[in-house]
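One structure follows; several queries about it will come next.
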Amino acid sequence: MELVEESPFRFRIDRRDPMRVPGVVFASRALLPDVGSDRSLEQVANVATLPGIVGASYAMPDVHWGYGFPIGGVAATDVAAGGVVSPGGVGFDISCGVRLLATDLDRADLPRLRDALMDGLDAAVPRGMGRGAVWHLADPAELDAVLRGGSRYAVERGHGVPRDLDRCEDFGAVADADPAQVSERAVQRGQGQVGSLGSGNHFLEVQAVDAVHDEPVAAAFGLRAGQVVVMIHCGSRGLGHQICTDHVRAMEQTMPRHGIEVPDRQLACAPVDSAQGRAYLGAMAAAANYARANRQLLTSAARRVFRRVAGSGLDLVYDISHNLAKIETHGVDGVDRRLCVHRKGATRALPPGHPDLPADLRAAGQPVLIPGSMGTASYVLTGVAGAPAFASTCHGAGRVRSRSQAMKTVRGQELRRELEARGIAVRGASWRGLAEETPEAYKDVTAVVDVAEGAGLCRRVARLVPLGVVKG
DNA sequence: ATGTTC
């Protein structure tokens, strides 16, 4: 894979057949994937072959190997030019994302509150493989309402306040969700998981605002130095996973009929403007709403704990996905086009003034929420005008070692002791899960954010550090 | 990520 260094934070993979556009990798030399162990740059080139792709196949600084598309990949296709949608460009955890909540507390309050808060959260946050959820749905019809209404439905049912919806991407629910495209098996898997963290890299953290890099923007987001905040990172659980599985399989069948050939079966896709493409987008939107309702329910659970233990509210700063495809309008060669923008392990980053932002965030830009690896910093960023890559940036630290490799480097008990010794309270679901998430298995999130900012993808607003982690 | 291999 030949990379041309265009600038300190931008590398190009030149177009060659059957690529339709070049690849562009936003990285430093140090952050470039290790070609010996990670084939994500080949995946960037593979994505560049997709019908209708415009601009380039982009990789964010946290790029790593994924299913078909790299994680940390952005690809936009032109709907009117036969552009495709691909489930692999969204990922198995549809609308996995992050929500940040601001407390009334200062980090100086935490020593006396921390144990009670963490024990309360430990008991209130269902997590781990399978088992448990905040919300026990009355019947399948109620799941249908979740799939259509997302956070909006959860708030209608008393799990939150109307202001929450102003601070959600899409104001709490993606339009055009089509529960009829969600299989019976996906429904079964989703029925009992609304309001659950899951496992892997998902977490609920109590954090402190450790540094403010842009005072006015942080203030517009409702953040100040020393403030205690809560970050929730989770997705659409078994429901999203099943939808991805179902629709990849269906598209493998329909691709020949659409005359589409791809260099990797995992790039299965269909034209956005086709029955199969619309079916996937309808099911994907349903899963996106499920993921947002999931984060809304976990918010509700965390609010009860913070109210009871600390007398504090939790104000939503923002809720944003990093695994989603969206139909958006962007200028391409000076002409506005309707594009299907795939962001997989990449975060939408709307610039100041964007009409999709709520009025009180319009001047500041969209809060971009970047979860770090366990025990390390997380970041709040914002979008910038004129950025490349269709208003997208990184999504996290980016894994560099597999789960099995991670488990060889450290034991869960040992990791917990190390974190506790550094003043970070740990409430895990399993020792194994903890070990798999050792920060040694990830890139340095600060280096990722440095490059994202240096490449002009976003701007830094605040740095957050963990005080306590409830781990899936 | 994931009823961690329908």
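Naming convention: chains lettered A, B, ... in sequence-line order (proteins, then strands); numbering from 1 in each chain.
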Worksheet item: Residues two or more places apart in sequence or in another chain: which of them pass side-chain contact (heavy atoms from CB on, under 4.5 Å) with A:D139?
Response: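 In terms of side-chain contact (heavy atoms from CB on, under 4.5 Å), with neighbours along the sequence ignored, A:D139 is linked to A:A141, A:E142.
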Short N/O separations, protein against nucleotides 2-6 of chain B, under 3.5 angstrom:
from: B:dT2; atom 1: OP1; to: A:R237; atom 2: NE; distance (Å): 2.9
from: B:dT2; atom 1: OP2; to: A:S199; atom 2: N; distance (Å): 2.9
from: B:dT2; atom 1: OP2; to: A:S199; atom 2: OG; distance (Å): 2.9
from: B:dT2; atom 1: O2; to: A:H241; atom 2: NE2; distance (Å): 3.3
from: B:dG3; atom 1: OP1; to: A:R189; atom 2: NH2; distance (Å): 2.1
from: B:dG3; atom 1: OP2; to: A:Q193; atom 2: NE2; distance (Å): 3.0
from: B:dG3; atom 1: N1; to: A:R189; atom 2: NH1; distance (Å): 3.3
from: B:dG3; atom 1: N2; to: A:R189; atom 2: NH1; distance (Å): 3.0
from: B:dG3; atom 1: N2; to: A:R189; atom 2: NH2; distance (Å): 3.4

Practice prompt. Could you name each residue pair satisfying ring pair (Phe, Tyr, Trp, His ring centres under 6.0 Å) that touches residues 259-289 of chain A, not counting sequence neighbours?
Written response: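 The answer is A:H247-A:Y280.
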Practice prompt. Output every pair passing side chain to side chain donor-acceptor pair (under 3.5 Å) with a member in residues 52-75 of chain A, not counting sequence neighbours, ordered by first then second residue.
Written response: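 As it turns out, the side chain to side chain donor-acceptor pair (under 3.5 Å) pairs with a partner in residues 52-75 of chain A, which skip direct neighbours, are A:D62-A:H395.
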Worksheet entry | Under the side-chain contact (heavy atoms from CB on, under 4.5 Å) test, residues paired with A:C234 that sit two or more places apart |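 Per chain and number, A:C234 pairs via side-chain contact (heavy atoms from CB on, under 4.5 Å) with A:L197, A:H202, A:I232, A:N294, A:R295, A:L298.
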Worksheet item: Which residues pass the side-chain contact (heavy atoms from CB on, under 4.5 Å) test with A:E414, sequence neighbours left out?
Response: A:V410, A:R411, A:R417, A:E418
